[in-house]
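First comes the structure, then the notes that go with it.
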Amino acid sequence: MTRAHGGIRGWAADRRTVWSRLRFTSLRLRLVVVFALVALTAAVSVSGIAYWLNREAVLTRTQDAVLRGFEQEMQNRAGALPENPSQDELQRTAGQMANSSQSFSVLLVAKDTSGTTVYGNSGALDGFTVRDVPESLREAVNRQQPVNSANKYAYHLYWQRVVVHGTPYLVAGTKAIGGGPTGYILKSLEPEAKDLNSLAWSLGIATGLALIGSALLAQAAASTVLKPMQRLGVAARRLGEGRLDTRLRVTGTDELADLSRTFNNAAEALEKRVADMAARDDASRRFVADMSHELRTPLTAITAVTEVLEEELEAESGSIDPMIEPAVRLVVSQTRRLNDLVENLMEVTRFDAGTARLVLDDVDVADQITACIDARAWLDAVELDAERGIHAQLDPRRLDVILANLVGNALKHGGSPVRVAVRETDEDGTKVEDGAKVVIEVRDHGPGIPEDVLPHVFDRFYKASASRPRSEGSGLGLSIALENAHIHGGGITAANSPEGGAVFTLWLPRDSSPLMEETDEGEKAEGGA
């Protein structure tokens with residue numbers, strides 16, 4: 001039972017979901033529904049009013065004719081009877097009255113000479129008796145009214161519509177003027193009811209046709225309105241995909257034409273702005289590249305001089321004047337920093353220009369990390385948690401750059417010891433052997449990264465502390481590390497550990513060769529084009 005209820009609830013939820021999508025996602029459907037509802041409301045309202053007006057007109061016309069004929073028959077025939085007629089006289093007069101053009105049944109009621117109530121029935125409609133007359137109508141007919149200037153007669157004509165076994169009837173009654181019998185008539189309104197039913201069917205069919213016509217009209221109107229909107233949507237998607245030369249064909253002078261012109265103007269302005277930005281960006285890249293190349297020649301000479309000065313500082317002869325030794329050491333350190341900055345700028349330029357390429361090799365990740373740490377004399381400050389035998393197709397030089405930046409950043413800004421851990425995971429991050437990814441975590445034990453700094457740690461030239469803009473770092477290390485991860489098809493994330501310290505997580509695919517094949521195919525396609 002529970003399973004059945006669950007199935008019913010799931011089916012109901014699916015229906016609600018489908019209806020919600022139909023109701024809210026299709027503008028065409030909403031336009032058709034709104035048009036149909038408006039047309040249906042208008043058609044039903046008009047049909048209802050027309051039916052009501054025609055019904056009242058038909059019934060009133062028939063009723064007035066019947067009542068006029070009844071009054072005339074009461075005056076001409078019932079009024080000619082004696083004050084105390086016999087039953088035969090009533091019966092004969094009722095039959096004569098029923099033979100009028102209105103074809104109604106007649107019942108006459110009077111008292112004979114002995115004071116007994118006698119009845120005269122025309123005999124139609126299965127015998128029209130006093131029991132067929134509503135009691136309220138009989139009371140109204142027999143109620144005597146005061147005679148005055150505004151009311152000439154003591155008794156009046158009263159009528160009422162009744163339904164007997166599904167058939168409508170008109171019942172009326174009055175007393176003969178000047179004394180005499182009381183007369184009642186029963187008139188069937190079935191022909192009028194049939195006419196009204198035919199009218200109702202006709203109005204219903206007209207309403208249905210109006211609804212169908214409105215739906216077709218709404219469909220045509222929706223197509224007229226939505227086609228330009230669809231073209232606008234397609235153009236907007238193309239513009240979002242980078243096809244800035246997308247334009248709309250403008251026809252007409254309505255609001256949609258104004259919208260198309262506005263879109264074209266916006267697209268033209270965006271294309272121009274993007275072209276200007278691309279030109280400035282290219283100029284900036286060329287400037288950085290040219291500057292870096294131009295700096296390398298004098299920097300090579302300066303580096304050679306500083307190497308000689310550094311050798312003199314380390315020599316035991318002490319040929320450097322102690323007074324200028326601090327200045328010499330400063331020149332040596334700043335020359336190294338300038339060398340690093342120029343190399344980083346040239347690397348950034350390669351990434352921006354799209355000329356950076358991978359040189360893949362089969363790498364034992366643990367050995368590569370050990371070599372990186374050992375080359376920089378960080379073995380005493382770094383704890384390595386990595387099993388040998390985890391191999392990957394990576395670019396050893398670029399992996400060394402990534403590790404050097406991450407570990408060096410942790411040692412400089414974090415706290416010792418810095419722990420480097422390696423694990424294998426599948427695509428969803430689950431730790432498995434021979435997984436599709438290699439994950440390397442670099443964690444320090446420092447104060448962590450401020451929350452407002454975390455989103456910017458990989459930004460170029462960004463420094464967390466504004467008070468030390470001239471620190472040893474260039475602000476490009478983490479950015480270059482992230483670019484090197486991206487070129488492998490991987491990535492780097494930064495976070496704070498709940499136990500304290502910052503954690504940088506590098507993940508790389510076990511095999512980056514498919515990425516190189518895609519890059520080569522793209523270059524071939526561009527060259528062929």
Side-chain angles (χ1 to χ4, degrees), residues 240-242 277-278 281-282 284-285 288-289 292 340-363 365 368-369 372 390-410 420-429 435-443 449 453-463 473-495 502-526:
E241 292 169 357
M277 292 178 62
D281 193 28
D282 290 341
S284 299
R285 289 176 182 174
V288 173
S292 300
D340 293 340
L341 178 59
V342 171
E343 289 297 330
N344 289 339
L345 285 174
M346 294 187 67
E347 187 73 6
V348 168
T349 303
R350 294 189 193 98
F351 284 123
D352 289 343
T355 59
R357 292 292 178 267
L358 293 174
V359 180
L360 298 181
D361 193 3
D362 185 70
V363 175
V365 178
Q368 184 68 28
I369 297 174
C372 174
I390 301 177
H391 290 264
Q393 288 289 325
L394 302 172
D395 187 328
R397 184 186 70 82
R398 296 188 182 277
L399 178 59
D400 182 77
V401 171
I402 297 172
L403 294 171
N405 279 296
L406 294 181
V407 176
N409 184 76
V420 180
V422 181
R423 68 177 187 274
E424 297 174 274
T425 67
D426 57 12
E427 290 295 339
D428 61 2
K437 296 180 181 179
V438 176
V439 178
I440 302 174
E441 288 186 352
V442 178
R443 178 189 170 192
I449 305 173
V453 175
L454 271 175
H456 305 286
V457 292
F458 295 106
D459 293 351
R460 294 177 182 177
F461 299 106
Y462 182 82
K463 296 185 178 181
S474 64
L476 291 173
L478 291 179
S479 174
I480 292 174
L482 182 62
E483 293 290 350
N484 278 300
H486 285 167
I487 200 174
H488 280 89
I492 307 175
T493 59
V503 179
F504 285 83
T505 304
L506 164 68
W507 66 270
L508 299 171
R510 289 286 297 271
D511 187 3
S512 297
S513 54
L515 194 63
M516 288 187 63
E517 294 174 1
E518 293 178 4
T519 303
D520 294 340
E521 290 177 0
E523 290 179 350
K524 290 178 181 178
E526 291 179 1

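Just so it is clear, the values below take in all heavy atoms, side chains as well, and ignore hydrogens, waters and symmetry mates.
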Smallest heavy-atom separation, Thr505 atom then Glu441 atom, equals OG1-CG, 3.8 Å
Quickly, which of Leu394, Asn484, Val439, Ile492 forms a side-chain contact (heavy atoms from CB on, under 4.5 Å) with Leu508? Name it, please.
-> Leu394
Which atom pair, heavy atoms only, marks the closest approach of Arg398 to Leu358?
-> CD-CD2, 3.8 Å
Evaluation steps, side-chain contact (heavy atoms from CB on, under 4.5 Å), between Gln393 and Ser512 | CA-CA 6 Å; Gln393 288 289 325; Ser512 297; 5.7 Å; no
Nearest 0.5 Å please: distance from the CZ atom of Phe458 over to the CD1 atom of Ile480.
-> 13.0 Å
Intermediate values then yes/no, side-chain contact (heavy atoms from CB on, under 4.5 Å), Leu406 and Leu478 | CA-CA 7 Å; Leu406 294 181; Leu478 291 179; 3.8 Å; yes
Taking all non-hydrogen atoms of both residues into account, name the closest pair between Val365 and Ala392 and its distance.
-> CG2-CB, 4.4 Å
Shortest non-hydrogen contact from Val359 to Asp395?
-> N-OD2, 2.8 Å
Nearest-0.5 Å distance, CD1 of residue Ile390 to CZ of residue Arg423 | 11.0 Å
Result for side-chain contact (heavy atoms from CB on, under 4.5 Å) between Leu399 and one of Val438, Leu506, Asp361, Ile369 points to Leu506
Yes or no on side-chain contact (heavy atoms from CB on, under 4.5 Å) for Arg510 and Lys437, after CA distance, side-chain angles and deciding distance?
-> CA-CA 5 Å; Arg510 289 286 297 271; Lys437 296 180 181 179; 5.8 Å; no
Would you name the heavy atoms of Ala481 and Ile402 that are closest together and state the gap between them?
-> O-CG1, 3.7 Å
Give the minimum heavy-atom separation between Ala410 and Val442, together with the two atoms involved.
-> CB-CG1, 4.1 Å
Derivation and outcome, side-chain contact (heavy atoms from CB on, under 4.5 Å), residues Phe504 and Asn405 | CA-CA 11 Å; Phe504 285 83; Asn405 279 296; over 6 Å; no
